[in-house]
Amino acid sequence: MPYHASRRTLLAAAAVAAVTAGGAVSVAGRSRAAPDDARPGDRAPEPASPARLLGLMSLEEKVGQLFVSRAYGHSATDPDPEDAEKNLAQFGVRTAAELVSRYHLGGVIYFAWAHNTRTPHQIAELSNGLQRAAASSGPGIPLLLSTDQEHGIIARIGKPATLLPGAMALGARGSTADARRAGRIAGAELASMGIRQDYAPVADVNVNPANPVIGVRSFGADPGAVAGLVTAQVRGYQGAGVAATAKHFPGHGDTETDSHVGLPVMRHTREQWEELDEPPFRAAVEAGVDAVMTAHIVFPALDPSGDPATLSRPIVTGILRERLGFGGVVVTDALDMAGVRQKYGDDRVPVLALKAGCDQLLNAPDLALAQRAVLAAVAAGELSQDRIDESVLRILELKARRGLFTEPYTTAERVDAETGTAAHLAAADAIAAGTTTLLANPVKLLPLDPAAEPRLVVTGTDPASPSGTTGPPTSVLARELTALGCRASAVPPARAVAAAPGNAAVLVCTYNVPEGESPQRTLVEELLATGVPVVVVAIRNPYDPARLPRCAAELATYAWTDVELRAAARVLTGAVRPLGRLPVPVPGRYPLGHGLAYD
């Protein structure tokens, strides 16, 4: 038998186990779909160890394992025509399956904008199709399929999957049990769709109210509290069989630039980093986190070279590997972001990331160029084959740890059993019930009395809803208040002042109110002038009340997803008591830990 054929047989054993006449196999008590080209009665040998697999791979196959790429389309083999054209323009292939085969990919990342995430069943079918492509081509190694499902304001997969409170909402509740439960639910649902790596939890400590990219994605400003919640979420995700990814190392919580569009600079001293930024990442490492994601930020106190952390050997190897003792997979933040592309070209960035100590190269803007650059660096001696092997072995070990060599596929039955279930939806509501924070209630306007059927106007900012929520938030909040016995109407800001008289209160949803004069501040001032009590509901960052006149009541929800707005409506009407406490200080208004209760 030719060498390539025998090698492929051994490698394919890592992705294909015993296939029964029914076209599925039973692994650890769970059925999994088999590849289309598997024959009934076929039996494969036990999967080879990651080290043995590594020895059977070509250099090109090893380099492919380092890359996690986007792919356009809802189907691995039959994308919509416009998605096929995008794949062709960017990758030279028409389908995601062809992309996996041509580039020997180690993973694929799912995005809503790439049309990967329509429904849970569609996602599961896409995952199975991609795994079949990986099993039947090249080294036959299963893919690590991933996405950003932080929950809260960052969720690639929405209804009918369960949407849970995000990090700062969990920080407001302060319950590690709830954070772990949320992670386990989220992980179980992702795994049911074939997604086995989540780029969560966020381990950044948000100490800058002007931070444009982290904010409520962080658990809060107290490094000890953040560390505890990060630990809980890591254990929740990984207890459900999904690789957790602590991000964004060495810490993105005190920046004023969005690394998607620029290169942020962290001005913390080394001592401040050790006190504020390090503890959650150290906690994640000690909890056994599978992966850590780097940040595209400059951190002069940790590396004065001016290189972003993703490309910094002193940060990735010197601190993360050697100081913190992390032996797992280091994944870059997306390589198409501006923060990592400003100093070096797209051909140099992947090489420098590997030299720094990274393993997974996420979403290179030009995949073919990036792979050629890595191969050229090996040929030139800039990167050794041993260095490539080191990263590939970590990736293979992660895949083995998450069961991908024995169970790469999922089933429709598993999706139905584990995604968007009544139990999960009820748990999301129960967790959210403790997150809403009552910041002010000076005239005891709250709780409203539903028995009196109060008339309410709900107005304010209506940002685009996070994936899969019903939105817009003013309409959702009005609907939920009405369901609880109030008579609430959603009214556009332009008509809110005229509609206010005769109502028991006006509720204003605010969204990241800026310093100084703004349309949101003007709206609140004009509504206060009507004499009708005004309630501010900060639906994203909790800093809004400090930038507005004092009102009859002020609340923070930390997100404008349905689950958080339902929780806010229950607090507003007294159906539940407000339990949330500020996980960040609101400068000039409220300290860390502030939160009121009803008498």
Side-chain angles (χ1 to χ4, degrees), residues 24 26-33 107 109-110 116-128 131 142-152 154-167 169-170 175-201 229-246 287-291 398-399 401-404 406-432 467-468 561 563:
S26 179
V27 180
R30 184 180 292 155
S31 177
R32 70 170 174 85
I109 179 172
Y110 290 168
N116 304 139
T117 58
R118 292 180 178 177
T119 69
H121 279 286
Q122 167 268 316
I123 295 168
E125 291 171 5
L126 172 62
S127 298
N128 283 343
Q131 295 291 14
L143 295 162
L144 194 56
L145 302 174
S146 59
T147 196
D148 289 289
Q149 191 78 351
E150 298 173 13
H151 289 273
I154 302 293
R156 309 301 185 200
I157 303 165
K159 292 173 63 177
T162 305
L163 287 173
L164 292 139
L170 292 172
S175 167
T176 55
D178 280 353
R180 184 169 183 168
R181 186 183 186 193
R184 194 169 187 92
I185 290 169
E189 297 203 0
L190 290 174
S192 79
M193 293 176 262
I195 299 169
R196 303 300 285 274
Q197 182 173 15
D198 192 13
Y199 298 123
L229 293 165
V230 165
T231 295
Q233 288 245 286
V234 167
R235 290 174 175 164
Y237 280 115
Q238 295 186 178
V242 168
T245 308
V289 70
D290 279 336
L398 172 52
K399 292 180 177 184
R401 192 158 57 248
R402 292 298 145 219
L404 283 165
T406 54
E407 191 182 7
Y409 302 97
T410 188
T411 65
E413 292 78 14
R414 186 176 177 188
V415 174
D416 290 336
E418 299 187 25
T419 298
T421 64
H424 285 179
L425 295 171
D429 275 329
I431 294 168
S467 301
T561 52
V563 70

key: From CA spacing to verdict: side chain to side chain contact (heavy atoms under 4.5 Å, CB included), T117, M193   = CA-CA 10 Å; T117 58; M193 293 176 262; over 6 Å; no
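- Formation of a donor-acceptor pair under 3.5 Å by the R235 side chain with backbone atoms of R180 is not found in this model.
- In this structure, CD on Q149 lies 5.5 Å from CG on L190, to the nearest 0.5 angstrom.
- For the atom pair CZ of R414 and OG1 of T411, the computed distance is 7.5 Å after rounding to the nearest 0.5 Å.
- The two residues A232 and A179 come nearest to each other via the heavy atoms CB-CB, 4.0 Å.
- Atom CD in Q197 sits 10.0 Å away from atom CG in D148 (nearest 0.5 Å).
- A distance-only check finds a donor-acceptor pair linking the side chain of T406 to the backbone of G403 [under 3.5 Å].
- For R402, the salt bridge (charged side-chain N to carboxylate O under 4.0 Å, His left out) partners are D290, not counting sequence neighbours.
- Counting heavy atoms from C-beta on, the side chains of T561 and L164 never come closer than 4.5 Å.
- Within the model, atoms NE2 of H151 and CD of Q233 stand 8.5 Å from one another, a figure rounded to the nearest 0.5 Å.
- Between atom CD1 of residue I185 and atom CG of residue L163 there is a gap of 12.0 Å, rounded to the nearest 0.5 Å.
- Taking the salt bridge (charged side-chain N to carboxylate O under 4.0 Å, His left out) definition, one finds that D178 meets it with R173, sequence neighbours left out.
- Minimum heavy-atom separation, A188 to A240: N-CB, 3.4 Å.
- Q238 places a side-chain N or O within donor-acceptor distance of the main-chain N or O of A244, the cut-off being under 3.5 Å.
- In this structure a side-chain-to-backbone donor-acceptor pair under 3.5 Å is present from T410 to S192.
- Of all heavy-atom pairs spanning Y237 and A186, the tightest one is CE2-CB, 3.7 Å.
- Of all non-hydrogen atoms in Q131 and L143, the two that sit nearest each other are OE1-N, 2.8 Å.
- Of the candidates V242, L126, T147, I195 forms a side chain to side chain contact (heavy atoms under 4.5 Å, CB included) with just one, namely T147.
- Considering all non-hydrogen atoms of both residues, T231 and A287 come closest at CG2-CB, 4.0 Å.
- Inter-residue side-chain proximity for T419 and I157 is flagged as unmet; no heavy-atom pair is nearer than 4.5 Å.
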task = Go through the steps for L144 and L404 under the test side chain to side chain contact (heavy atoms under 4.5 Å, CB included), then give the verdict.
result = CA-CA 8 Å; L144 194 56; L404 283 165; 3.5 Å; yes
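- Pairs passing the salt bridge (Lys or Arg N to Asp or Glu O under 4.0 Å) check and including a residue from residues 189-198, sequence neighbours excluded, do not occur.
- T162 and A428 make their closest contact through CG2-CB, 3.8 Å (heavy atoms, listed as atom of the first residue, atom of the second, distance).
- To the nearest 0.5 angstrom, I109 atom CD1 is 9.0 Å from N116 atom CG.
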